[in-house]
Protein chains: 2
Amino acid sequence: MYSWESDHVQSRQDKREAILATALRLFADRGFVGTPTSLISKEAGVATGTLFFYFKTKEDLIDDLYKRIKAEAAQALCRGLKMEKTGKGKLRRLGNNAVTWGMRNPEKKKFLEMFAHSPFVSAGAQEEGMSHFIFLKDIIHDGIQEGVIRDMDPALLFCMMAAAINGLVSRASVVKDPMERDRIIAEGLDFVWNGMKT
Amino acid sequence: MYSWESDHVQSRQDKREAILATALRLFADRGFVGTPTSLISKEAGVATGTLFFYFKTKEDLIDDLYKRIKAEAAQALCRGLKMEKTGKGKLRRLGNNAVTWGMRNPEKKKFLEMFAHSPFVSAGAQEEGMSHFIFLKDIIHDGIQEGVIRDMDPALLFCMMAAAINGLVSRASVVKDPMERDRIIAEGLDFVWNGMKT
DNA sequence: TCCAGAATTGACTAGTCAGTCAAATATTCT
DNA sequence: AGAATATTTGACTGACTAGTCAATTCTGGA
């Protein structure tokens, strides 16, 4: 079968993408260790050797996914941030963006969670992942300067914000009714906001 | 060598405890899958067969640890709770207890975290684990009745409180200076409290 | 002391999985 | 076209691991 004969046209480089997409799906519901590379390649429609042609090791594949998702998440957090002039506005927008992204990308969120709690994480990837989020420190810092945020340890604020929003998304994800879900998201964001405002 | 000759007197039933303690330590820093049963038995000073004499499978061992730690954590959360008369007092005490326990038992905290994010968790253990925490729902409910807590979804409040405190402990754990650490804990608890109070 | 059952041992098994490699196929360049 | 290079394949290997089991040792009671 030649690609120009197929319904599923797949250029050669797309195999790499197919592997990444399949890996994400499988990792999210079976975990890193519960997902053999053989299964990834099978579900992606490639041979085992092909997977190792594109990724030197399984860990490389995981790290690659991590960096990619982390970068995408950082980008999503920034959506519309420039338009907000006040620190308060920026922070509110940030929270909204975070929740929206988490709700829309459950597999990616799960992956990031698993990665963070996994003991076999390459320190390098961990570090590069965080580098995308430096701008958050600035926003928090500005908020404190403006006096709209309580003067607390910025790293603590960052940790607690992230954790609380994570909890919020987990809770909101199990609520089926869209109206109720929106109400819960609003309540959750209020929780975060009240926690940090002066 | 007979036990009465040894400096490390170890009655027969203590092997079970030795296995559990060793497993906790190893799981906490290598993860479930990164810790072979052979290593657990070796470090606990027993034969491989002995481990499987006390625990039918590796998963049984993990579940057992989980139930035990969960029960202990629930107990720790309750310390001094009876003495508090108001909902506000109870909730403040609760937060303090949670942080204190998390800081004092990093391995157990890590274990619970890993367990929660592990995809191969027995639903039974998960359920029994939660059963120890039903009393929290009541406290939250009382707080809302009293009017000291904002009227929001109790499950959401529970999720976010747990997540935020978890984030707080993570952050506080990396701070070496005791004074600064105490300040951060106080700030963190304020965050949680401000998030939920009316 | 002797026995029955509980506890303990560690060599062994059966299976799994990450990663290799030589051969085959496709693509690009001249 | 034909050579050179890039990609793809899947059978295979070597390492590792959960769990077994027959044999041995320990323990408490008669």
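Basis for what follows: all heavy atoms, side chains included, without hydrogens, waters or symmetry-related copies. Each chain gets a letter, A, B and so on, in the order the sequences are listed, and its residues count up from 1.
Between A/Lys15 atom NZ and C/dT27 atom C1' the separation is 13 Å, expressed in whole Å. Atom CG of A/Leu51 and atom P of C/dA18 are 9 Å apart (whole Å). Between the CD1 atom of B/Ile40 and the C1' atom of C/dG10 there is a distance of 17 Å, rounded to whole Å. Rounded to a whole Å, the CG atom of B/Leu39 is 16 Å from the P atom of C/dG10. The CD1 atom of A/Ile19 sits 12 Å away from the C1' atom of D/dT9 (whole-angstrom rounding). Distance B/Asp14 CG to C/dA7 P: 13 Å, rounded to the nearest Å. Put simply, CZ on A/Phe32 is 16 Å from C1' on C/dA18, counting in whole angstrom units.
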Pick out the pairs of N or O atoms, protein on one side and nucleotides 19-21 of chain C on the other, that lie under 3.5 Å.
| residue | atom | partner | partner atom | Å |
| --- | --- | --- | --- | --- |
| C/dG19 | OP2 | A/Lys58 | N | 2.7 |

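Residues A/Asp142 and A/Lys88 are not paired through a salt bridge, judged by the lack of any N-O separation under 4.0 Å between the basic side chain and the carboxylate.
Note on residues 95-106 of chain A: no pairs pass salt bridge (charged side-chain N to carboxylate O under 4.0 Å, His left out), not counting sequence neighbours. Applying the salt bridge (charged side-chain N to carboxylate O under 4.0 Å, His left out) test to every pair with at least one member in residues 155-177 of chain B, sequence neighbours left out, gives these pairs: A/Asp153-B/Arg171. Residue pairs meeting the ring pair (Phe, Tyr, Trp, His ring centres under 6.0 Å) criterion with at least one member in residues 72-112 of chain B, sequence neighbours excluded, are B/Phe32-B/Phe111.
A close approach under 4.0 Å does not occur between any side-chain nitrogen or oxygen of B/Tyr54 and OP1 or OP2 of C/dA7. Applying the 4.0 Å criterion to OP1 and OP2 of C/dT9, one finds that B/Lys42 has every side-chain N and O outside that range.
Taking the side chain of A/Phe53 as heavy atoms from C-beta on, and the options D/dT8, C/dT9, C/dA7, the nearest nucleotide is D/dT8.
The salt bridge (charged side-chain N to carboxylate O under 4.0 Å, His left out) search around B/Glu59 returns none, not counting sequence neighbours. Under the rule for a salt bridge (charged side-chain N to carboxylate O under 4.0 Å, His left out), A/Glu146 has no partner lying at least two apart in sequence or in another chain.
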